[in-house]
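Let me begin by presenting the structure, written as structure tokens, before commenting on it.
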There are 2 protein chains.
Amino acid sequence: MAKVTIKDVAREAGVSISTVSNALNDVDVLNPETKSHVLNVAKRLNYVPNLNGKLLKSGKSKMLGFFTTSVSGPYFYTLVETMSRECDRHGYGLNIFVTKDKQVIMSNILGGRVDGVIIYEELGIDDMDIALIEKNKIKSVFLDREIQNETMGSIIFDSYVDAYEATKYLISLGHKKIAYISGVETMFDSEQRKAGYLAALHDYGLTADEGYILQGYFEEEGSYNAVKSFVNIHSGKLPDAFLAGNDLSAIGAMRALKSLGYEIPRDVSVVGFDDIDIAQYFSPPLTTVRNQIARQGMLVVNHLIRMIQKKEQGRHEKLQGELIVRNSSQIKMVRD
Amino acid sequence: MAKVTIKDVAREAGVSISTVSNALNDVDVLNPETKSHVLNVAKRLNYVPNLNGKLLKSGKSKMLGFFTTSVSGPYFYTLVETMSRECDRHGYGLNIFVTKDKQVIMSNILGGRVDGVIIYEELGIDDMDIALIEKNKIKSVFLDREIQNETMGSIIFDSYVDAYEATKYLISLGHKKIAYISGVETMFDSEQRKAGYLAALHDYGLTADEGYILQGYFEEEGSYNAVKSFVNIHSGKLPDAFLAGNDLSAIGAMRALKSLGYEIPRDVSVVGFDDIDIAQYFSPPLTTVRNQIARQGMLVVNHLIRMIQKKEQGRHEKLQGELIVRNSSQIKMVRD
DNA sequence: ATATACTATATAAGCGCTTTCATTTCAATA
DNA sequence: TATTGAAATGAAAGCGCTTATATAGTATAT
């Protein structure tokens with residue numbers, strides 16, 4: 001049995017294809033009887049419209065595209081869940097494209113398969129691509145960079161301020177020697193957090209020591225190794241606190257410290273970023289900065305849909321994080 | 001500036017649109033000079049083919065669709081990563097549709113937007129839908145159910161055997177009273193694991209006690225509560241071991257046990273399923289069954305692409321898990 | 001010189017759908 | 001009775017592309 005098209009339905013129902021189309025799309029010009037008859041026939045034949053034909057003509061897919069190189073990591077959990085729920089709520093579908101192939105990305109963004117695009121792409125998409133997206137009038141919102149552009153939007157985290165606040169918190173506990181465990185330099189968030197950390201140190205009159213910035217690659221293992229070798233190099237002399245660029249790093253750091261016989265937070269405070277699931281169940285439960293991921297997901301979809309439907313222009317929002325104080329940090333103990 | 005189409009390129013290059021099409025699609029009939037000239041013009045105009053037009057005509061999208069209600073949870077990490085890498089390798093794109101809306105799902109499966117579909121859908125898609133997918137000759141592979149059907153494939157985990165083996169392992173350590181922490185009854189894996197657990201008990205002459213099956217909802221918190229109230233009901237009398245339906249449950253169980261003052265594995269063994277990231281870093285590191293998720297992702301894509309390209313028929317594969325023995329389980333201590 | 005076979009390119013049909021506009025029907029009004 | 005207009009439906013164009021077929025131009029064989 002071949003695929004049933006609108007023609008088949010028309011023939012079977014004894015009407016023209018435009019009547020079928022009108023019936024299916026709820027265009028209110030038909031005799032109610034005709035309409036329900038057509039709908040019955042369509043159902044009986046198990047007719048499902050071909051989306052390509054539909055889209056080619058109408059240009060409206062009721063689909064949002066999310067372009068990303070990965071959906072791994074705790075961040076995407078919440079983000080994708082919220083976005084898809086929010087899409088559902090507005091009668092849109094969410095279409096995720098996971099690839100690093102810029103060809104594929106651009107061809108799907110510009111190829112007219114979706115009504116609007118959400119882009120999370122640390123690498124790859126450059127200014128020329130962005131110009132091209134803009135020129136094609138594709139509605140778009142970015143999740144990982146600020147766009148200085150009226151036709152596109154961005155909803156990002158204020159990692160700089162968050163790190164500033166977290167550092168300030170550690171300082172307020174009396175810590176003076178604070179180390180930062182960073183990711184790689186191409187990571188926007190890692191760099192923003194480092195900058196915020198440095199700014200806070202500076203503002204509160206503490207000296208920033210280059211040697212206190214460790215390279216943990218935002219991974220458990222990487223951070224574990226970094227901390228171990230740090231302690232080694234400094235012959236056992238610990239900083240007062242570690243500010244880890246993300247929770248995985250914090251967890252790796254704590255594992256290293258525990259394995260070296262230190263107790264947290266008695267001997268050293270540790271603060272992470274992200275508040276991943278496991279953070280609260282860890283021992284000790286981790287003090288960390290929680291991003292408003294769900295809010296980001298909600299906002300990005302709402303914003304994009306408004307841009308599509310109401311021709312609203314691109315807005316740029318920065319979401320503040322919230323410091324969740326648990327047991328991996330405490331007031332500096334004065335030892336004698 | 002309006003969207004540039006194949007016509008614009010043709011006009012600008014002074015050739016017909018079929019020549020443009022042939023140049024772009026690398027059809028080897030053109031004079032190399034003509035071809036490169038056309039390609040240059042296309043590039044200069046920033047031409048990107050409209051995928052709907054292309055697809056409508058050709059019927060080939062070089063895209064695979066993955067339909068799921070969620071991408072949350074550690075399982076999807078690996079699965080999606082592997083699938084997308086594997087797609088890339090074969091020149092296909094991966095298109096994830098996250099929704100619970102059956103209308104959306106079916107219309108995208110049957111609407112001709114993708115060349116083949118991968119379906120993970122615990123609920124929603126019923127036998128009628130499956131029949132419809134089959135009738136439309138859509139190539140499909142299922143990840144969460146067995147299909148008894150030659151035109152469709154399935155790559156699933158052998159949860160039954162895995163649980164059987166894990167239970168056998170616990171029995172071999174001398175444990176006799178073994179509790180199972182289950183998810184809800186609609187979860188295929190949870191039920192399969194329960195069945196395997198019960199079968200092993202039976203085969204080794206142990207009695208299965210209805211009261212030893214706890215309801216943890218496959219979540220940390222749920223399992224924590226279930227274990228707490230279990231211990232409460234049994235007035236402190238612990239089983240020899242807990243077999244948790246997944247790692248989150250195992251972690252919740254361990255938290256409950258620790259909070260009640262028990263030590264693991266001295267007082268009770270705990271075994272989980274899935275080997276999530278954190279399992280190895282937990283304290284104590286968790287004994288668990290590792291599924292071949294990456295292998296599943298690889299197989300499903302390869303299989304689907306072979307079905308599409310080589311008209312291969314649907315295969316049905318069951319993937320065996322691997323028991324990873326860590327420190328949350330040990331030989332039964334005989335107390336006096 | 002004519003027929004034949006290639007080679008390179010253009011023409012045109014049509015994929016499945018929406019949508020504009022024309023047509024038909026029929027009741028209401030002048 | 002003729003005119004008008006509203007309501008319901010159909011005809012047809014065309015979205016952007018691929019592809020089968022036609023055509024023209026050139027080289028080779030007879």
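Per chain, numbering begins at 1; letters A, B, ... match sequence-line order.
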Hey, does [X] reach any base, or is it just sugar-phosphate, or nothing, if we go heavy atoms under 4.0 Å?
| X | answer |
| --- | --- |
| A:I17 | base |
| A:T5 | sugar-phosphate |
| A:N52 | nothing |
| A:V15 | sugar-phosphate |

Test: [X] and [Y] ion pair at under 4.0 Å:
| X | Y | result |
| --- | --- | --- |
| B:D129 | B:K102 | yes |
| A:D8 | A:R11 | yes |
| B:K310 | B:E312 | no |

What closest approach, in Å, do [X] and [Y] show between heavy atoms, and which atom pair accounts for it?
| X | Y | answer |
| --- | --- | --- |
| A:L79 | A:I293 | N-CG2, 3.6 Å |
| A:H90 | A:K62 | O-NZ, 4.3 Å |
| A:V48 | B:M106 | CG1-O, 4.4 Å |

request  = Find the distance B:L110:CG to C:dC17:P and express it as a whole number of Å.
outcome  = 12 Å
key: Nucleotide C:dT19, atom C1' - distance to CG of A:D28 in whole Å   = 16 Å
task = Walk along DNA chain D from 5' to 3' and tell me the first and last nucleotide with an atom closer than 4.0 Å to a non-hydrogen atom of chain A.
result = D:dA8 to D:dG16
task = List in numerical order all residues of residues 30-44 of chain B for which some heavy atom is under 4.0 Å away from an atom belonging to DNA chain C.
result = B:L30, B:N31, B:T34
query = Does atom CG of A:D28 have more than 12 heavy-atom neighbours, drawn from other residues, nucleotides or ligands, at distances under 6.0 Å?
reply = no
task = Please state whether the rings of B:Y75 and B:Y120 are parallel, tilted or perpendicular, taking 30° and 60° as the class boundaries.
result =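 Tilted: the ring planes of B:Y75 and B:Y120 meet at 30° to 60°.
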Please check if the side chain of [X] supplies one atom and the backbone of [Y] the other of a donor-acceptor pair under 3.5 Å.
| X | Y | result |
| --- | --- | --- |
| B:S190 | B:M187 | no |
| B:H303 | B:R315 | yes |
| B:N31 | B:E33 | yes |

task = Please report how far the helix from C:dA1-D:dT30 to C:dA30-D:dT1 bends, comparing the axis fitted to its first five pairs with the axis fitted to its last five, to the nearest 10 degrees.
result = 70°
query = Of A:T19 and A:K7, whose closest DNA chain C nucleotide lies nearer the 5' terminus?
reply = A:K7
Quiz item: B:S18 side-chain donor-acceptor pair to C:dT11 base, under 3.5 Å = yes
